[in-house]
Every structure is written in C-alpha cells, then in structure tokens.
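Notes follow once the structure below has been shown.
Everything numeric in this text was worked out from a predicted model, so none of it was measured.
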Amino acid sequence: MLVARYSAVAHRTAALLGAGQDAEDVVQEAFVKAFRHLATFRREAAFRPWLLRIVANETHTMTRSRGRRAELLLRAGAEPDPRVPDDPEGEAIATDRRARLLAAVRELPETERQAVVCRYFLQLSEAETAEVLGWPLGSVKSRTFRGLARLRKEVDGDLS
C-alpha cells in the first residue's frame, strides 16, 4: 500500500534531485531501506517526508558513487496534454519559457537547487523540505530565498 501511494512522488524526487535514468534503482533501494527501518519510524511523524529523505540520501549516495556531479533532470509535466493546442504559437512560447526556466534552475548551486526543487517542483512545505534534505528550517528558508533571487536575476523579465 505504501509503495503504491508514494512511488510516483519518490520517482519524481529522485529524478529532480539528480538520479536521472537511475531513479528506478534509487527508489527501489529507498523502499527496501524504508521497509528494513520501519520499526524506527516514529508513528506520530508523517511518512512522506521520512521516505523522501531516504530517497534524497539514496540519490546523493548514488550520484557520489558514480563519481560525477549530480545533474538535475526536470520535466515540467509528467505526461503531455493529449488535446490539440488551441494556440500553437502560445504553446511554443510557453514551451520555450519552461525550457529556459528549467535551464536556469539546473545552473543553481546544488543546495539552492535542492531547496527550490523541493519547495516548488515537489510542492513540499518548508518543514517537509527541511526534513527531506536534513537541514535546519533556517537553511531551507535562506537557500530557497537565494535560489529564487538568482533565478529572478537570471531570467530578468525573459519569462514575463
């Protein structure tokens, strides 16, 4: 039941934090570790942030063991819209803006990128982001603020 409920968000988290094509392996390992350590899970705590922290740790371990810097693979939408666009020009402009924003996010320093991804792409609260990344709440706030400031400076009206 837990795998069915949290598998999609776990895959998305692994991919957004840099697992790329290895996201399936990262998620599988995270669920195995979560199962093994289920006895240590505090029942009064939320399961999702606990699992996503395991996913984040596994992603970090995997990218570190590959000996290369983690890459952020972002997909704006999991599935394309099956409808025929009413405005092909508007659709093309939106796709271009999305690509430029994602490229700017990829260029952020790793800690700022992680904070922005968790807060805005995964839609986690500040507290959940702190739990997932293992950071103090103040670090989440400051790194998110700095990341958003860099993004604003980078895109500088290009996306308005």
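- Hydrophobic clustering, with ILVMFWY side chains joined whenever heavy atoms are under 4.5 angstrom apart, groups Val3 together with Val9.
- Smallest separation of non-hydrogen atoms from Pro49 and Val132: O-CG2, 3.7 Å.
- Taking CZ of Arg5 as the reference point, atom CZ of Arg48 lies at 11.0 Å (rounded to 0.5 Å).
- Tracing side-chain contacts under 4.5 Å through hydrophobic residues (I, L, V, M, F, W, Y), one never reaches Leu137 starting from Trp135; they form parts of separate clusters.
- With respect to the salt-bridge test (charged N to carboxylate O, under 4.0 angstrom), the residues Arg146 and Glu112 qualify.
- Of all heavy-atom pairs between Ala104 and Glu154, the closest is CB-CG, 3.9 Å.
- Atoms CD and SG, from Glu126 and Cys118 in turn, are 12.0 Å apart once rounded to the nearest 0.5 Å.
- Contact of the Val105 side chain with the Tyr120 side chain is not registered, since no non-hydrogen atoms from C-beta on lie closer than 4.5 Å.
- Taking CG of Leu102 as the start and CZ of Phe121 as the end, the distance is 5.0 Å to the nearest 0.5 Å.
- Under the 4.5 Å side-chain criterion, counting only non-hydrogen atoms from C-beta, Gln114 is in contact with Leu17.
- Contact detail for Thr59 and Ala14: the closest heavy-atom pair is OG1-CA, 3.7 Å.
- Considering every non-hydrogen atom in both His11 and Ala23, the closest pair reads O-CB, 4.2 Å.
- For the pair Val55 and Ala10, the tightest heavy-atom approach, listed with the atom from each and the gap, is CG1-O, 3.7 Å.
- For the atom pair CD of Glu128 and CD of Gln123, the computed distance is 11.0 Å after rounding to the nearest 0.5 Å.
- Here Ser139 pairs with nothing under the side chain to side chain donor-acceptor pair (under 3.5 Å) rule; sequence neighbours left out.
- The minimum heavy-atom distance between Thr144 and Ala115, with the atom names listed, is OG1-CB, 3.4 Å.
- Here Leu108 contributes atom CG and Arg150 contributes atom CZ; the two are 7.0 Å apart, rounded to the nearest 0.5 Å.
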Run the side-chain donor-acceptor check on residues 26-43: report pairs under 3.5 Å with partners two or more places apart or on a different chain.
from	atom 1	to	atom 2	distance (Å)
Lys33	NZ	Glu58	OE2	2.6
Thr40	OG1	His37	O	2.6
Arg42	NE	Glu44	OE2	3.3

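- Annotation: the span from Glu131 atom CD to Leu51 atom CG amounts to 11.0 Å, rounded to 0.5 Å.
- Linking Ile, Leu, Val, Met, Phe, Trp and Tyr residues whenever their side-chain heavy atoms come within less than 4.5 Å places Leu2 and Leu124 in a single cluster.
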